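Okay, structure first, notes after.
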Amino acid sequence: MGQSRTSKPLVIPSSLSEGVKVVETVIEAIQPYGYSDTAQFAIRLALDEALANAIRHGNKSDESKNVTIDFSVDDEEIRITICDEGPGFHPDEIPDPTLDENLERPCGRGVMLMRAYMTEVFFNESGNCVTMIKRRDCQLPHVPED
Amino acid sequence: MAEGESRLTIENSEQIIRIGFLDRNILEEAAIQKIGDQVSDLIDSTPNPKILIDFSDVDHLSSAALGMLITINNRVRAKGGQLRLACIDPQIYEVFVITKLNKLFNICDSASQAMSSFK
């Protein structure tokens with residue numbers, strides 16, 4: 001605790017294996033700040049989903065297009081912004097994957113999981129940049145009764 | 001990881017195919033695709049397949065991995081088989097509950113419980 005703020009911009013080609021390295025870089029960078037295992041699980045999950053969306057859906061896995069990641073961490077919060085070079089999308093138009101009729105669909109859970117685990121998730125107007133914030137005092141996820 | 005190298009352990013026991021993972025994180029899509037293909041081959045070559053997927057030592061799953069499990073579940077059911085998931089870490093189990101996929105899958109606390117639950 002009492003660490004000064006760390007921030008780092010990263011630019012990667014649209015490759016999922018590069019995305020995995022970004023996740024490890026961010027997880028390593030937050031270690032000195034003493035975030036809980038639960039928070040680290042949330043960061044790893046949400047970051048992986050956001051990177052997969054940017055690489056696969058945003059940039060269509062075109063390695064000539066980049067994904068830009070800005071992250072910062074301090075004692076209060078972890079903040080990550082991920083932008084791709086795609087046309088963007090409307091996150092509110094994704095069907096609710098928890099409805100009975102959608103449970104057997106193999107896709108469409110990434111944004112829902114990001115929102116379930118992070119304190120705040122918001123997109124820019126065109127939908128090709130997402131910012132995710134995890135505050136230290138965040139109580140999410142709320143897990144429904146089993 | 002070498003190209004083509006399997007990241008699964010596969011055992012046949014009492015006509016049940018028991019599958020485990022060598023990796024703690026099941027996140028990378030190419031690896032997930034390969035796992036899905038390998039399990040699908042097993043399902044396709046087995047009449048009424050009984051499949052147990054053991055998540056001991058798995059720390060993280062992505063939504064792509066959940067999608068792969070849904071596809072496997074659909075294929076097993078299409079062949080009149082049964083699928084059980086077992087030994088899921090509590091944090092990962094929460095992901096199943098949040099996505100309501102705990103309703104879709106038959107999830108057991110232990111491998112022995114899963115083995116004895118096949119009909």
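If you're wondering where the values come from, they're calculated on a predicted model, not measured in any experiment.
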Region of A:Leu103 that comes under 4.5 Å of a non-hydrogen atom in chain B:
both

What option among B:Gly67, B:Ser63, B:Ser62, B:Ala30 has the most heavy-atom pairs under 4.5 Å with chain A?
B:Ser63

Is there a side-chain contact between B:Glu94 and A:Thr38 (heavy atoms, below 4.5 Å)?
no

Given A:Glu104, which of B:Arg75, B:Lys100, B:Arg77 fulfils the salt bridge (charged side-chain N to carboxylate O under 4.0 Å, His left out) condition?
B:Arg77

Let me know if B:Asn25 has heavy atoms under 4.5 Å from chain A in its side chain, its backbone, both or neither.
side chain

Among the options A:Leu16, A:Asp48, A:Asp96, pick out the one with the most heavy-atom pairs lying under 4.5 Å from chain B.
A:Asp48

Is A:Arg5 atom CZ crowded by more than 12 heavy atoms from other residues, nucleotides or ligands, each under 6.0 Å away?
yes

Applying the 4.5 Å side-chain criterion to the ILVMFWY set and letting contacts propagate, would B:Ile53 and B:Met115 be lumped into a single cluster?
no

Heavy-atom pair count under 4.5 Å with chain A, highest-scoring of B:Thr99, B:Asp59, B:Leu66
B:Thr99

When the 4.5 angstrom heavy-atom criterion is applied to A:Arg56 and chain B, the contacting part is side chain

dist A:Phe41:CZ -> B:Ile92:CD1 (nearest 0.5 Å) comes out at 5.5 Å

B:Phe96 portion near chain A, given a 4.5 angstrom heavy-atom threshold
neither

